[in-house]
Amino acid sequence: MIKTNILHVKFTRKAQMKIQEMAFVLVAIMIFFAIVGIFYIKIGFNGFSGDIQQQRAEAAMELVRKIASTPEFGFTKNGEMICDSCIDTDKVMALKNMSAYKGFWNIDFFRLDYVYPQKKNIECSYGTYPNCSTITLSNAVNHETPATAYVSLCRNEYANNQLYTKCELGKVEISAKSINALGVSNASQ
Amino acid sequence: MQVNKKGQEEIVGFVAIVLLVAIIGVVFLGLMLRNNTPVAQESKDVMRLIESGMQYTSDCAIDYIPNYATLQDLIQKCYEQPSSSCQSGDRICSALNRTLLGILDGTINVGPDNKNKGYIFKTEFTYNVSAGNGTEILKVIKGNCSTDSFNEGYSSFQGQKGEYISTLRICY
């Protein structure tokens with residue numbers, strides 16, 4: 001009978017050491033790449049989130065600029081716009097109760113807030129205007145969080161039997177599906 | 001059982017190095033994620049605030065009532081004719097200070113516990129924008145603005161003699 005020793009493998013301690021070393025190196029490399037990966041994802045996510053917020057703000061401002069430049073909202077003096085973001089609150093008050101303009105701009109939420117000087121915290125109506133704090137033009141039930149932008153809220157006033165322009169500092173809060181899709185095309189139609 | 005002492009020492013040393021590197025990495029990562037890097041950025045929102053603020057109609061009537069000056073008019077008048085007065089008798093420059101502070105304090109809440117730690121508003125006058133080196137004609141500082149994190153915006157308008165450039169920095 002012939003005795004074979006083919007399957008007998010001789011493991012040396014030196015080889016075991018090498019395997020262990022390699023295992024440790026692999027673990028170290030994994031830890032290193034995990035740290036780098038987490039760091040990269042975190043930075044990337046922050047940047048992405050910041051980009052979205054910035055784009056939404058810019059889209060809102062673009063929308064405000066477009067709305068302020070329309071004849072229905074823009075404040076004009078001697079036929080010319082006095083500034084890019086000057087909104088005529090007299091016109092807005094007139095539009096507020098006109099059913100023909102409901103849904104005209106495809107805006108879910110549109111509100112003007114007086115910021116400075118501070119006024120009584122009440123919604124503007126024909127009875128309270130201009131001694132009121134907010135003019136809400138559109139307020140759909142399920143609107144997204146509105147984007148905001150500073151604007152000048154201007155109106156015509158009389159003193160000494162003369163007409164003059166009075167502008168106050170305000171904010172427009174606006175929410176439209178187009179803003180949330182990072183575009184302004186639909187809302188400005 | 002025969003133990004290879006040299007091999008054991010090698011493994012222990014290697015494990016120690018791996019652990020050290022891992023701990024340093026975790027600490028470094030933790031610090032990086034906790035401390036937001038200072039950000040100085042141009043803000044369109046701040047720019048819009050200055051632009052809208054410049055159109056604000058003050059209570060200072062120039063020459064006659066109701067020729068009420070905007071903030072922009074007051075800045076220009078205060079620099080070009082500092083001795084002039086409003087119809088109410090107030091000096092133009094004091095009306096400017098009062099109006100500007102009212103707008104800034106009414107729009108920016110500043111404090112150590114607030115998001116905004118402070119602000120700096122300044123206006124420079126320059127004959128030629130491309131030449132630079134404007135003359136500082138107005139500066140308002142409130143709160144702590146020594147941090148490197150801020151939003152900044154600027155706005156300019158053309159006066160009779162040159163250009164007025166206003167800058168607002170809101171620190172957080």
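A, B, ... follow the sequence lines: proteins, then strands. Residue 1 opens every chain.
- Proximity to chain B is limited to the side chain of A/Q20, based on heavy atoms less than 4.5 angstrom apart.
- In the displayed structure, B/F157 atom CZ is contacted under 6.0 Å by more than 12 heavy atoms of other residues, nucleotides or ligands.
- Around CD of B/E136, the count of heavy atoms belonging to other residues, nucleotides or ligands within 6.0 Å exceeds 12.
- Chosen from B/G102, B/G106, B/S58, the residue pairing most often with chain A at heavy-atom distances under 4.5 Å is B/G102.
- In this structure, OH on A/Y150 lies 14.0 Å from CE on B/M47, to the nearest 0.5 angstrom.
- A continuous path of Ile, Leu, Val, Met, Phe, Trp and Tyr side chains, each step under 4.5 Å between heavy atoms, connects A/I135 with A/I174, placing both in one hydrophobic cluster.
- When the candidates A/S152, A/A34, A/C86, A/G170 are compared by the number of heavy-atom contacts under 4.5 Å with chain B, A/S152 comes out ahead.
- Inter-residue side-chain proximity for B/R48 and A/S85 is flagged as met; some heavy-atom pair is nearer than 4.5 Å.
- In B/Q158, the CD atom is crowded: over 12 heavy atoms of neighbouring residues, nucleotides or ligands sit closer than 6.0 Å.
- Atom NZ of A/K166 is surrounded by more than 12 heavy atoms from other residues, nucleotides or ligands within 6.0 Å.
- In this structure, the separation between OH on A/Y116 and OG1 on B/T99 is 7.0 Å, given to the nearest 0.5 Å.
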Can you give the donor-acceptor pairs under 3.5 Å from side chains of residues 59-72 of chain B to other protein atoms, not counting sequence neighbours?
| residue | atom | partner | partner atom | Å |
| --- | --- | --- | --- | --- |
| B/D59 | OD1 | B/R98 | NH2 | 3.0 |
| B/N67 | ND2 | B/I62 | O | 3.0 |
| B/T70 | OG1 | B/D73 | N | 3.2 |
| B/T70 | OG1 | B/D73 | OD1 | 3.4 |
| B/T70 | OG1 | B/D73 | OD2 | 3.0 |

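- Interatomic distance, CD of B/Q55 versus SG of A/C154, reported as 7.0 Å (0.5 Å rounding).
- The number of heavy-atom neighbours closer than 6.0 Å to OH of A/Y158, taken from other residues, nucleotides and ligands shown, is 12 or below.
- At a threshold of 4.5 Å between non-hydrogen side-chain atoms, the residues B/L49 and A/L169 count as touching.
- In this structure, no portion of A/V36 lies under 4.5 Å from any heavy atom of chain B.
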